[in-house]
> 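Can you keep this structure in mind? I'll have questions shortly.
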2 protein chains.
Amino acid sequence: MTQHKADLLQGTLDMLILKALSLGPLHGYGVISRIRQMSGEMLDVEQGSLYPALYRIEQRGWVNSKWEVSETGRRAKFYTLTRAGRRQLDEEEAGWDRLVLAIAKMRQAT
Amino acid sequence: MTQHKADLLQGTLDMLILKALSLGPLHGYGVISRIRQMSGEMLDVEQGSLYPALYRIEQRGWVNSKWEVSETGRRAKFYTLTRAGRRQLDEEEAGWDRLVLAIAKMRQAT
DNA sequence: CTACCATGCCTAATCATTCTAGGTATCATC
DNA sequence: GATGATACCTAGAATGATTAGGCATGGTAG
């Protein structure tokens with residue numbers, strides 16, 4: 001029962017979504033697979049987490065959405081990172097780095 | 001305006017508390033300062049987060065508590081890591097490492 | 001002696017975010 | 001005709017952290 005999947009922590013999902021969209025516009029369903037692929041199959045976002053998160057993120061102006069047609073010919077809502085979303089991603093990445101550093105310090109502490 | 005404090009993420013607090021107690025028994029109030037010190041002043045746990053967390057953690061059998069007298073001569077509840085708590089800490093650290101790795105992969109992904 | 005600050009504990013209410021567990025519809029494949 | 005993949009969505013529960021208090025003791029500054 002080797003555990004290779006990593007559980008998400010509350011607060012990281014927005015960063016992951018923004019990161020996925022930083023590689024280019026994508027529809028919601030695709031964001032899930034892109035995150036899975038980018039993370040080397042380690043991260044798995046549930047639909048029930050994703051769609052509400054996308055809604056939140058759009059409300060905050062970090063992405064725009066537009067109905068288009070996907071690669072498979074189906075209707076799909078494509079999300080594009082805005083300039084504010086790019087800034088937000090940078091901030092979240094910086095915050096993540098601070099936390100990782102702080103916890104690394106905890107680890108070494110005697 | 002350099003930002004050096006790191007914000008906690010939901011789910012990391014238990015690990016921090018267990019880690020602090022892995023250096024030896026301590027009362028609640030002291031856990032806060034030990035975490036601050038171990039993290040190089042980067043992590044600051046609020047009392048309103050700490051005490052409920054300690055309660056949870058004790059319910060789960062990860063720590064024992066005993067009323068004793070602190071260095072300053074006051075009554076204080078001292079928490080000691082149990083064997084199960086040690087195991088839990090190991091698991092949470094492993095889980096943290098997986099998440100950090102997964103997000104690092106996301107970062108490199110093109 | 002009184003005010004304040006540090007030490008030490010605790011709780012209630014709120015908030016934010018994620019997960020569970022559904023539901024809908026289309027299209028391809030078996 | 002059933003199943004599975006693609007694609008969207010929501011309601012409700014659970015989790016956990018924060019805010020904003022409260023209480024008590026003891027030391028120190030004024």
Side-chain angles (χ1 to χ4, degrees), chain A residues 5-18 20 25-37 43-60 62-63 65-79 88 92 95-96 99 102-103, chain B residues 5-18 20 25-37 43-60 62-63 65-79 88 92 95-96 99 102-103:
Chain A
K5 293 263 184 183
D7 289 328
L8 284 191
L9 286 186
Q10 226 168 286
T12 52
L13 182 54
D14 290 1
M15 179 174 68
L16 299 181
I17 294 174
L18 295 175
L26 195 56
H27 51 84
Y29 193 82
V31 166
I32 292 178
S33 32
R34 189 178 277 174
I35 287 177
R36 185 165 40 232
Q37 176 252 313
L43 299 177
D44 209 352
V45 177
E46 303 295 332
Q47 293 194 9
S49 307
L50 180 81
Y51 290 111
L54 279 173
Y55 178 82
R56 271 200 323 263
I57 287 174
E58 184 168 20
Q59 291 306 304
R60 292 174 184 169
W62 300 338
V63 297
S65 70
K66 201 165 38 161
W67 284 98
E68 291 180 52
V69 173
S70 78
E71 327 76 58
T72 66
R74 286 173 164 94
R75 86 192 227 292
K77 207 196 260 180
F78 279 74
Y79 293 88
Q88 178 65 20
E92 295 206 8
W96 173 256
L99 182 60
I103 291 187
Chain B
K5 293 265 184 185
D7 289 329
L8 284 191
L9 285 186
Q10 224 170 289
T12 52
L13 182 54
D14 291 1
M15 179 174 69
L16 298 182
I17 294 174
L18 295 174
L26 195 55
H27 51 84
Y29 194 82
V31 167
I32 292 178
S33 29
R34 190 178 277 174
I35 288 177
R36 185 164 40 229
Q37 175 251 315
L43 299 177
D44 208 353
V45 178
E46 303 293 331
Q47 293 195 7
S49 308
L50 180 81
Y51 290 112
L54 279 171
Y55 179 82
R56 270 199 326 262
I57 288 175
E58 184 168 21
Q59 292 304 303
R60 292 174 184 169
W62 301 338
V63 297
S65 69
K66 201 165 42 157
W67 285 98
E68 290 181 53
V69 173
S70 77
E71 327 75 57
T72 64
R74 285 170 165 93
R75 87 192 227 292
K77 206 195 259 182
F78 279 75
Y79 293 88
Q88 178 64 20
E92 296 206 9
W96 173 254
L99 182 59
I103 290 186

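Residue numbers begin at 1 in each chain, while the letters A, B, ... track the order of the sequences. What you see is a predicted model; the values in this text were computed from it and never measured.
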> For a quick test of reading the model: is some side-chain N or O of T72(B) closer than 4.0 Å to OP1 or OP2 of dA6(C)?
no

> Taking all non-hydrogen atoms of both residues into account, name the closest pair between D14(A) and R60(A) and its distance.
OD2-NH1, 3.8 Å

> When all nucleic acid strands are considered with a 4.0 Å heavy-atom cut-off, which category describes G11(A): base, sugar-phosphate, or nothing?
sugar-phosphate

> Of the candidate nucleotides dT18(D), dG8(C), dG16(D), which contains the atom at the shortest distance from the side chain of R74(B)?
dG8(C)

> Return the nearest nucleotide to the side chain of E71(A); candidates are dC8(D), dA7(D), dC10(C).
dA7(D)

> Atom CD1 of I17(A) and atom CG of L26(A): how far apart are they, to the nearest 0.5 Å?
11.0 Å

> With the side chain of Q10(A) defined as its heavy atoms from C-beta on, choose the nearest nucleotide among dT18(C), dA7(D), dG8(C).
dT18(C)

> In whole angstrom, give the distance that lies between atom NE2 of H27(A) and atom P of dA5(D).
16 Å

> Where the side chain of K77(B) is defined as all heavy atoms beyond and including C-beta, which of dG8(C), dC9(C), dA16(C) is the nearest nucleotide?
dC9(C)

> Which of parallel (below 30°), tilted (30 to 60°) and perpendicular (above 60°) describes W96(A) and W96(B)?
tilted

> To check you understand the geometry: which heavy-atom pair defines the closest contact between A20(B) and R34(B), and what is its length?
O-NH1, 2.8 Å

> Which distance, rounded to the nearest 0.5 Å, do you find between the CD of Q88(A) and the CD1 of I57(A)?
9.0 Å

> Indicate the atoms forming the closest heavy-atom contact of P52(B) with S49(B), along with that distance.
CD-O, 3.7 Å

> For Q59(A) and dA16(C), what is the distance between atoms CD and P respectively, to the nearest whole Å?
14 Å

> Write down the distance between CG (L99(B)) and P (dT18(C)), rounded to a whole number of angstrom.
12 Å

> Just how far, in rounded Å, is C1' of dA17(D) from CG of L9(B)?
11 Å

> Rounding to a whole Å, what distance do you find between W67(B):CH2 and dA24(D):P?
14 Å

> Could you check whether G28(A) gets within reach of a base, just the sugar-phosphate, or nothing at all, counting any heavy atom under 4.0 Å?
sugar-phosphate

> How long is the line joining CG of L54(B) and P of dC9(C), in whole Å?
8 Å

> What's the CD-P distance between Q47(A) and dA5(D), to the nearest Å?
12 Å

> Would you say Y51(B) reaches dC9(C)'s phosphate, i.e. side-chain N/O to OP1/OP2 under 4.0 Å?
yes

> If I take atom CE in residue M15(A) and atom C1' in nucleotide dT17(C), what distance separates them, rounded to the nearest angstrom?
15 Å

> Report yes or no: is there a donor-acceptor pair, N or O only, under 3.5 Å between the side chain of E46(B) and the base of dT18(D)?
no

> Using a cut-off of strictly less than 4.0 Å, decide whether Y29(A) has a side-chain nitrogen or oxygen near OP1 or OP2 of dT6(D).
yes

> Ignoring hydrogens and geometry beyond distance, is the side chain of R75(A) in donor-acceptor contact with the base of dC8(D) at under 3.5 Å?
no

> Can you tell me if R56(A) touches the phosphate of dT18(C), counting only side-chain N or O atoms and a distance under 4.0 Å to OP1 or OP2?
yes

> DNA chain D: L8(B) or A76(A), which has the more 5' nearest nucleotide?
A76(A)

